[in-house]
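When reading the values below, keep in mind they use all heavy atoms of this one structure, side chains included, and skip hydrogens, waters and symmetry mates. Since we're looking at a predicted model, the values are computed, not measured.
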Amino acid sequence: MSPDNPDRERPVDEPDQPTPARTPDATPPEVDPSAGTAPGEFGPGHLPPSAAYGSSLELRFDEPRRPLRALATVLGAVLALAALGVPLGLLWAALAPDTPVLKTAEGAIYAEPQPEQPIAADGWFSLLGLAFGLLVALALWFVLRRRRGPVGLLAAVLGTLVAAPVAWQVGRRIGLATFERLLATAPAGQAFSKPADLRAGGVDWLLGVLPVPHGNLLLPAFGAAVMYTLLAGWSRWPGLRPEPEPGEFSWVSAGTPAPTAAPEPPAPDAAEPPRG
């Protein structure tokens with residue numbers, strides 16, 4: 001090797017060959033995917049860190065949006081919450097007090113001038129409904145963790161909107177048959193009790209077809225919407241679903257060879273190779 005010929009394998013008399021110009025139609029040489037790449041380079045089988053992290057997140061968390069599956073999730077949650085309205089109504093009927101009434105010739109009247117039992121019935125339903133909405137939002141946040149976001153919020157709100165009238169109708173019918181029988185057959189002056197009912201809430205029918213709840217029947221949906229929104233606001237993940245930390249990924253492929261060590265410099269007293 002000499003200053004005029006830095007390459008040991010090339011003869012001295014062989015002139016330097018110019019690098020051929022790259023044309024647009026030229027195809028790049030095929031690269032063996034199993035071959036390693038130099039440190040700092042990314043071959044076909046080795047993605048850069050940002051691309052590998054993004055592709056992994058896409059595969060694991062950014063599943064394709066399927067409207068039919070989302071609709072089925074919402075309908076299933078609504079049906080399940082509607083069924084939970086039955087025990088909610090039974091609990092309300094057990095806690096809300098009955099109202100004492102007297103039978104008169106015109107019908108039943110309150111036994112007391114200003115009874116507190118109807119107010120207590122409304123209060124118990126409001127408290128139970130609000131707590132029910134909060135618990136529903138918490139449950140759906142963890143059960144439907146892959147559907148967190150608008151789908152989960154819609155399922156919580158619609159489900160509690162359906163569960164509240166179901167609870168009201170179930171609770172008010174406990175003892176209602178006995179009350180109607182006594183109202184029709186009891187003599188004037190007889191005292192009996194009226195089962196719990198709501199005065200601060202009910203259902204209106206829009207165009208005679210669509211039921212629209214109002215009053216304290218809206219409290220379960222209100223509690224569910226507030227709790228779900230707070231959970232989304234406090235979430236540490238932008239997508240509301242758990243995402244892997246960047247440190248969990250290894251950007252060095254198992255097939256990447258280790259970089260070769262640099263050749264050691266020659267010793268000061270080493271013999272210089274012959275020049276020729």
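- When hydrophobic side chains of Ile, Leu, Val, Met, Phe, Trp and Tyr are connected at separations under 4.5 Å, Leu68 ends up as a singleton with no cluster partners.
- In this structure a side-chain-to-backbone donor-acceptor pair under 3.5 Å is missing from Arg172 to Pro195.
- Judged by distance alone, the side chain of Asp122 and the main-chain N or O of Arg199 form a donor-acceptor pair under 3.5 Å.
- Taking Ile, Leu, Val, Met, Phe, Trp and Tyr as members and joining any whose side-chain heavy atoms lie under 4.5 Å apart, directly or through other members, the hydrophobic cluster of Leu210 also contains Leu206, Leu207, Val212.
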Test side chain to side chain contact (heavy atoms under 4.5 Å, CB included) applied to Val151 and Leu144, step by step: CA-CA 9 Å; Val151 175; Leu144 302 180; 6.0 Å; no
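- Pro213 and Leu217 get closest at one heavy-atom pair: CB-CB, 4.0 Å.
- Separation of atoms CG (Leu75) and CG (Leu158) is listed at 9.0 Å; rounding is to 0.5 Å.
- Residue Glu116 places its CD atom among 12 or fewer non-hydrogen atoms of other residues, nucleotides or ligands, all under 6.0 Å distant.
- In this structure, Lys103 contributes its side chain and Ala186 its backbone to a donor-acceptor pair below 3.5 Å.
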Name each donor-acceptor pair under 3.5 Å that joins a side chain in residues 159-171 to protein atoms two or more places apart or in another chain, with its distance.
residue: Thr160; atom: OG1; partner: Ala156; partner atom: O; Å: 2.7
residue: Thr160; atom: OG1; partner: Val157; partner atom: O; Å: 3.0
residue: Trp168; atom: NE1; partner: Asp197; partner atom: OD1; Å: 2.9
residue: Gln169; atom: OE1; partner: Arg173; partner atom: NH2; Å: 3.4

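- The two residues Gly152 and Leu140 make their nearest non-hydrogen contact at O-CD1, 4.3 Å.
- For Thr104, the side chain to side chain contact (heavy atoms under 4.5 Å, CB included) partners at least two apart in sequence or on another chain are Glu106, Ile109.
- Rounded to the nearest 0.5 angstrom, Met227 CE and Leu153 CG are separated by 13.0 Å.
- Applying the ring-ring contact (aromatic ring centres under 6.0 Å, His included) test to pairs two or more places apart or on separate chains, those with a residue in residues 71-97 are Trp92-Phe125.
- A search for side chain to side chain contact (heavy atoms under 4.5 Å, CB included) contacts involving Ala72 returns nothing, not counting sequence neighbours.
- Counting Ile, Leu, Val, Met, Phe, Trp and Tyr side chains that sit under 4.5 Å apart, directly or through other members, Phe179 shares a hydrophobic cluster with Val101, Tyr110, Leu176, Leu182, Leu183, Phe192.
- The minimum heavy-atom distance linking Val209 with Pro211 is given by the pair O-CD, 3.4 Å.
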Got a list of side-chain donor-acceptor pairs under 3.5 Å for residues 78-87, not counting sequence neighbours?
none

Side chain to side chain contact (heavy atoms under 4.5 Å, CB included) between Arg148 and Phe142, intermediate numbers included: CA-CA 9 Å; Arg148 289 177 181 175; Phe142 292 104; 4.1 Å; yes
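- Residue Val226 belongs to a hydrophobic cluster whose other members are Leu130, Phe222, Leu230, Trp234, with links defined by side-chain heavy atoms closer than 4.5 Å.
- Legend: residues meeting side chain to side chain contact (heavy atoms under 4.5 Å, CB included) with Leu95, ordered by chain and number and at least two apart, are Leu91, Trp124, Leu128.
- Remark: the backbone N or O of Gly149 is paired with a side-chain donor or acceptor of Tyr228 at under 3.5 angstrom.
- Between Val136 and Pro220, the closest side-chain pair of non-hydrogen atoms is not below 4.5 Å.
- Qualifying side chain to side chain contact (heavy atoms under 4.5 Å, CB included) partners for Ile174, counting only residues two or more places apart in sequence or in other chains: Leu90, Ala93.
- The line from NZ of Lys194 to OG1 of Thr178 is 14.5 Å long, rounded to the nearest 0.5 Å.
- Residue Ser126 holds its OG atom at 5.0 Å from CG of Leu219, rounded to the nearest 0.5 Å.
- Contact record, Ala77 with Ala155: CB-CB, 3.7 Å, taken as the closest heavy-atom pair.
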